[in-house]
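The next block holds one structure in the form of structure tokens; read it before the comments.
Sequence lines set the chain letters: A, B, ... in the order given, protein chains first and strands last, and positions in each chain run from 1. The shown structure was predicted, so the numbers you read here are calculated from the model rather than taken from an experiment.
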Amino acid sequence: MFGAPTRTFSVNFALFLVALALFPVFVRDSYYLHVGILCMLFASFALSWHLVTGYGGLKTFGHQAFFGIGAYFSALVSIHFGISPWLLLLVAGIVAAILGLLIATPVLRIRSMPHVAIVTLSFAEIIRAVISNWRDVTRGELGLWGIRTFESFSLPLIGAVSFTSTDKVSFYYLMFLLFALVCFTVLAIMRSQYGLAIIAMRESENAADSLGVNVVKYKLFLFALSAFFVGVCGSFYAHYLLILTPSAVLHIEVIILVIAMTLVGGVGTFAGPIIGAFLLTILGEWLRGFGDYRMLIYGTMILLCVMFFPGGVAKLGSRLREFGGFSARVARR
Amino acid sequence: MPISLLFEQILNGIVLGSMYALMGGGLALIYGTMRILNFAHGEFFMLGGFFVFFLFAGAHITPFLAVPIAVLAAAAIAAGIQRSTLAILQRRDGWLFATIAATLGISIILQNVALLLWGERFQSVPYYIEGTLAVGDIRMAYQRLLILAVALCSLALVGLVLRYTRFGLAVRATAQDQEAAKVMGISTERINTATFAMGAGLAALAATMLAPLIAVNPWMGLPLLLKAFVVVVLGGLGSFKGAILGGILLGVIEAVGMSMTSAEWRDVISYSVLIAVIWLRPWGLFGVKER
Amino acid sequence: MLEVSGLNVKYGDAQVLWDMSIKVGAGEVVAVMGPNGSGKSTLLKAICGLVAIHSGQIKFEGKDISSMPAHNMTSIGMSLVLERRRLFPSMTVMENVMLGAYAKHARDKTKERLAWVEELFPIIRERRDQIASRMSGGEQQMVAIARGLMSGPRLLLMDEPFLGLSPKMVSAIVTLVQAINKRGIAVLFNEQNVQLSFGNAHRGYLLESGRVVLEGAGLEMLQNETVKRVYLGSH
């Protein structure tokens, strides 16, 4: 997956994007479009989280903060200052990125994985507590509504593009563009000199040091970029669903879901987070009827993947091939 | 604020802090011995709460029996879970993140099994003892004093076991160097399981004590888990003594902070303290800088 | 008393020990010598069960111990002194030594063993309450060997016992090893210096990239042309 793109990968990835682009041509049902939007939203979230966690080796548990900040910032500014959501999509990303730098600075000074997990989680809990307590502005758990949606515009050839709750096609293509942007950025990073540096520091901090790579600088860059994308996702979410509650966008369950997606899909690969996000989102929708069992199934999937499929779905094939030689390596205690 | 009120707040903080100390102490014991950050710690707390609810509020068994049974049952479940999942993962390479993810999965599973079995209703447990102690202007419910006494006694007991018994020696050896401990003839796997159960037992004990003050429900573990995380970082990750001091300190900070602002800012106060500590002393308030 | 035959060990896909066979007789001092990465440390860890073996057999006093867990080794009469001492850093000297007698069978005889070990290593009585990590490397090595003797082994394994010690300490440890051997305890140790290894052993094995390439009596090994040429640098 690293270095020069292999032919198979490029072909598969292109086919996947084309299929996504053509989906609304064949499917007009707004529920299925909605599920498609959620798939791409969570895939973008998971890819961004994985940029820090899988490639950067920094196990953060607080990315829901950037999602929530992006969503609430965008929503509140659009309500109170009447600024266009189109502009806010970008600004929310920048706000999240700045916040990301703020929390990444102390986190990068500590190498211990548990500390990083605890500090990032606490940071997200502060954001959640502030937003749910600041009821005069955010309305807390009552929910924030009255959020503006994206303004319509018209394109040559296509005509008017409008964003209404009845017509999901425009939202679908907007999310598709955002998703593609995240994908290509992540791919570009992984295949650039930055990418090599990032992989070097995942293997060993010392190796990266000796290559003359400024580990801290690149990790900060990764963290900020990742926070930016998640912030943009949050902003999209706000202007798409038009209602926000702290428990929907800032609860620890949000990040647990993203972690589950990445683990199920496969840590350490580009395709893993995408596969996992699509799989679990569709499964989640399908299980909606089973309400109570949904989280139980997510939890079980996390545990099963960690125990039996450490590479996730993305590496399932090669794992099965290896399986023949597995029994011989069972450790003596 | 009158002095007596402040004093009462501090006392309340110490009572609450003793619960944080129980939770954090268990978490520190587990992390210190086997380097696992246990995200399922809150659920062992929750199990303790439900067990005591069934035994005491439901079956009217005296607390003298109900509490130990609830604690032992939660510890036994923890031991079974550790054996069948974490112990296996730790034999593999690169288990550090795998174990964190596994405990996350276990946490969600336990929470939702509890939800399916026992429902989402908030259950209340009556006080173990009624009445209030009044000294001058300061008033304190006996239940709260009981909480403090039980917490301090059990933490002291665990501390003594670790310090003076053969088992404690083996736990400390395992914590300091698993391989060297094995060479000494210590079955580190058994020690790991026992320590995990002991840590989970402390969490369950905290729940049996707190149950009369807070409602028992499937999600009751999460807030306490987050507090325990703060406590172990304050005390220096993996330090049992540090977690106890960190727990009590956090309780006092919260209580005093709340009396100056309001109850809903409690969490913001404690997480901000944590982030401040990470900025200034990443190895914790009471820990020693490593490496 | 110890018989290793056809031992293969792999770390993942990389094989580190190839078809290795060595023997230690009762009361013998045997040295395993080889350069860095030759697998001599892995050999000792594999014997003690700290490293999983891929194939081959390990027998101790006629009993197959190939799949015995590491923590049972002390109870069958074998004890390992790990590389770089590996004392429990924040415990006292006495706590470290007492952990050597942790195994069930060793508990009853703790008192007499302690007396014996204290006679060999007076430092243990002098420093009993000192924190282990505050001692010098040589002092720590003494405590580590004393700890290894507390379970009353008939075979003592030592992984690079001279690593990082001053010449004075090295000779002190050599003397101690001889004294231990005089009590009838067999010793298997590894070391990458030719003089130190073969010069202090009844028999020796030469390892290269995971294979035994030469074996013989200690003094013979010292005289061997290959050993001289390659490891002593005399042309």
[X], part contacting chain B, at a heavy-atom distance under 4.5 Å:
X: A:I126; result: both
X: A:M295; result: both
X: A:F123; result: both
X: A:I127; result: neither
X: A:I103; result: side chain
X: A:A260; result: neither
X: A:L296; result: both
X: A:I118; result: both

- prompt: Looking at B:N217, B:V216, B:L210, which one forms a side chain to side chain contact (heavy atoms under 4.5 Å, CB included) with B:I214?
  reply: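 Exactly one pass, corresponding to B:L210.
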Backbone of A:I131 reached by a side-chain donor or acceptor of A:T138 within 3.5 Å: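 Answer holds: yes.
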- prompt: What residues of residues 276-284 of chain A sit under 4.5 Å from chain B when only non-hydrogen atoms are counted?
  reply: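 Within residues 276-284 of chain A, near chain B: nothing under 4.5 Å.
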message: Going by the rule side-chain hydrogen bond (donor to acceptor under 3.5 Å, both in side chains), which residues pair with B:R266 if we only count those two or more places apart in sequence or in a different chain?
response: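 So B:R266 forms a side-chain hydrogen bond (donor to acceptor under 3.5 Å, both in side chains) with B:E254.
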Under a 4.5 Å heavy-atom cut-off, does chain A meet the side chain of [X], its backbone, both or neither?
X: B:S187; answer: neither
X: B:L226; answer: side chain
X: B:L222; answer: side chain
X: B:L86; answer: neither
X: B:L116; answer: side chain
X: B:I109; answer: both

message: Quick check: closest heavy atoms across A:G100 and A:A227, and the distance to 0.1 Å?
response: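 The pair with the smallest heavy-atom distance is CA-CB, 4.1 Å.
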field: Least distance between heavy atoms, B:T33 atom then B:Q178 atom
entry: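 Of all heavy-atom pairs spanning B:T33 and B:Q178, the closest is O-NE2, 3.1 Å.
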message: Under a 3.5 Å cutoff, is there a donor and acceptor pairing between the side chains of A:S48 and A:H63?
response: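 Looking only at side-chain atoms, A:H63 and A:S48 do not form any donor-acceptor pair under 3.5 Å.
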query: Can a salt bridge be assigned to the pair B:E264 and A:R135 using a cut-off of 4.0 Å between side-chain N and carboxylate O?
result: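 Judged by the 4.0 Å cut-off on N to carboxylate O distance, B:E264 and A:R135 do form a salt bridge.
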- request: Check whether the ring centres of B:F44 and B:H41 lie less than 6.0 Å apart, and answer yes or no.
  value: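 No: the rings miss the under 6.0 Å criterion.
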task: Compute the ring centroids of B:F229 and A:F61, then answer whether they are less than 6.0 Å apart.
output: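 No, too far apart.
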query: Parallel under 30°, tilted from 30 to 60°, perpendicular over 60°: which one fits the rings of A:F45 and A:F42?
result: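 If you compare the ring of A:F45 with that of A:F42, the planes turn out parallel.
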query: Could you go step by step and tell me if B:S107 and B:E43 meet the side chain to side chain donor-acceptor pair (under 3.5 Å) rule?
result: CA-CA 6 Å; B:S107 151; B:E43 276 57 51; 3.0 Å; yes
task: Give the intermediate values and the outcome of side chain to side chain contact (heavy atoms under 4.5 Å, CB included) for residues B:R83 and B:E189.
output: CA-CA 9 Å; B:R83 268 274 132 124; B:E189 300 237 330; 3.9 Å; yes
message: What verdict does the salt bridge (charged side-chain N to carboxylate O under 4.0 Å, His left out) test give for B:K227 and A:E125, after you've listed the backbone C-alpha separation in whole Å, the side-chain angles of each residue and the deciding distance to 0.1 Å?
response: CA-CA 11 Å; B:K227 288 295 156 59; A:E125 281 295 302; over 6 Å; no
